[in-house]
Amino acid sequence: MTLGQGALAWLAVASLVAGFVRGYSGFGFSALLIAASSLVTNPLNFVAVVVILETVMSLQAARGAGPHVDWGRVGWLMGGAALGLPLGLWVLTGISEDAARAVISGYVLLMCVVLLAGWRLSREVTGAANGVAGVVSGLANAPGMGGLPLAAFFAAQPMPAAVFRATLIAFFPLLDLYSAPLYWLAGLVGWDTLRASLLALPVTLLGNWLGGRHFFGTDPQDFRRFAIGLLAGLAVLGLGKAVL
């Protein structure tokens with residue numbers, strides 16, 4: 001994975017912005033960075049990098065989140081993800097770079113539409129139904145983007161914001177720990193992964209810290225619309241690159 005100076009600068013900015021979004025909202029980092037990377041390289045090259053950075057940021061953001069985590073929901077989600085992720089990896093690693101770019105960009109765009117649609121449930125989803133959401137998240141985590149379907153799923157429920165954010169923060173490290181050996185078996189992890197992660201880590205942590213501070217002082221709905229619009233723009237550019 002050899003990148004020019006322009007591509008490296010682009011990914012540095014993308015890491016900072018994605019870290020900020022993650023620190024503010026608890027989700028969106030993986031989708032933003034993978035979508036941004038698809039414009040300058042094969043997005044599958046950055047899947048393992050995203051997983052490493054997500055794990056570190058979850059530890060950074062975990063302070064104070066513990067009392068609000070819905071651990072029963074986390075358990076169901078992990079059970080479903082354990083089934084979905086291997087299938088997703090099998091499909092995604094068997095297609096070409098342009099096809100992978102198109103699939104990832106199309107998925108991100110679809111999730112943006114779902115998030116912007118603002119559909120709502122009358123009550124919170126409990127029990128095994130969370131396992132179904134976990135399967136979808138596992139499938140989506142093949143390209144390192146298991147957070148978007150859960151963000152849409154959680155946002156549709158009358159769930160307290162603190163529980164929403166804390167449960168995602170608790171779930172992601174567990175999903176990433178499960179994903180790491182499967183990525184290695186699929187050939188998505190190498191020395192370049194570690195080097196890229198070390199280079200991106202300082203910028204990402206800065207963005208995550210700034211986003212965490214911003215979380216307490218800005219209208220969440222305004223920021224949510226901004227983040228979804230940014231994702232949609234990157235997805236459209238990625239689809240254009242895959243087709244042209």
Side-chain angles (χ1 to χ4, degrees), residues 21-22 24-32 34 47 50-51 54-55 57-58 61-62 65-92 103-104 106-183 215 220-221 223-225 227-228 231-232 235:
V21 171
R22 173 67 159 73
Y24 180 93
S25 64
F27 76 97
F29 173 79
S30 298
L32 278 167
I34 292 294
V47 170
V50 162
V51 167
E54 276 276 16
T55 302
M57 282 190 296
S58 293
H68 302 291
V69 177
D70 185 341
W71 289 108
R73 193 188 300 263
V74 170
W76 280 111
L77 291 172
M78 276 305 305
L83 300 175
L85 179 61
L87 177 59
L89 278 173
W90 176 72
V91 172
L92 198 61
V103 168
I104 289 170
Y107 159 73
V108 171
L109 196 57
L110 175 62
M111 286 295 99
C112 288
V113 172
V114 171
L115 286 166
L116 285 173
W119 57 283
R120 294 287 185 270
L121 300 174
S122 59
R123 59 187 178 85
E124 286 192 45
V125 176
T126 60
N130 287 286
V132 177
V135 172
V136 175
S137 179
L139 287 166
N141 211 52
M145 295 188 293
L148 282 182
L150 289 188
F153 180 58
F154 282 12
Q157 303 173 50
M159 183 187 302
V163 176
F164 181 124
R165 187 168 180 267
T167 302
L168 288 179
I169 288 172
F171 172 68
F172 287 142
L174 298 176
L175 178 61
D176 292 341
L177 286 172
Y178 172 67
S179 301
L182 295 181
Y183 289 149
F215 173 77
Q221 290 305 314
F223 185 82
R224 181 173 174 269
R225 284 189 288 268
I228 294 170
L231 270 174

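Index from 1, following the sequence.
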What's the separation between atom [atom1] in [X] and atom [atom2] in [Y], rounded to the nearest 0.5 Å?
X      : Y      : atom1 : atom2 : answer
Met78  : Leu83  : CE    : CG    : 10.5 Å
Leu92  : Ile104 : CG    : CD1   : 5.5 Å
Leu168 : Phe153 : CG    : CZ    : 11.0 Å
Leu85  : Leu182 : CG    : CG    : 5.0 Å
Leu148 : Ile34  : CG    : CD1   : 11.0 Å
Ser179 : Phe172 : OG    : CZ    : 11.0 Å

Minimum heavy-atom separation for [X] to [Y], with atom names?
X      : Y      : answer
Ala170 : Trp71  : CB-CH2, 3.8 Å
Ser30  : Gly144 : CB-O, 2.7 Å
Val108 : Ala235 : CG1-CB, 3.8 Å

Does the [X] side chain pair with the main chain of [Y], one donor and one acceptor, at a distance under 3.5 Å?
X      : Y      : value
Tyr183 : Val47  : no
Asn141 : Leu175 : no
Ser137 : Ala81  : no

For this session: Compare all side-chain heavy atoms of Cys112 with those of Tyr107 and state whether any distance is below 4.5 angstrom.
Result: no

For this session: Would you indicate whether the side-chain heavy atoms of Pro160 and Val163 approach each other to under 4.5 Å?
Result: yes

Exercise. What pairs meet the side-chain hydrogen bond (donor to acceptor under 3.5 Å, both in side chains) rule with one or both residues in residues 143-162, with sequence neighbours excluded?
Worked result: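 Counting only pairs at least two positions apart or across chains, the side-chain hydrogen bond (donor to acceptor under 3.5 Å, both in side chains) contacts touching residues 143-162 are Arg73-Gln157.
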
Problem set entry | Audit row: Asp70, Thr167, side chain to side chain donor-acceptor pair (under 3.5 Å) steps and yes/no | CA-CA 6 Å; Asp70 185 341; Thr167 302; 5.6 Å; no

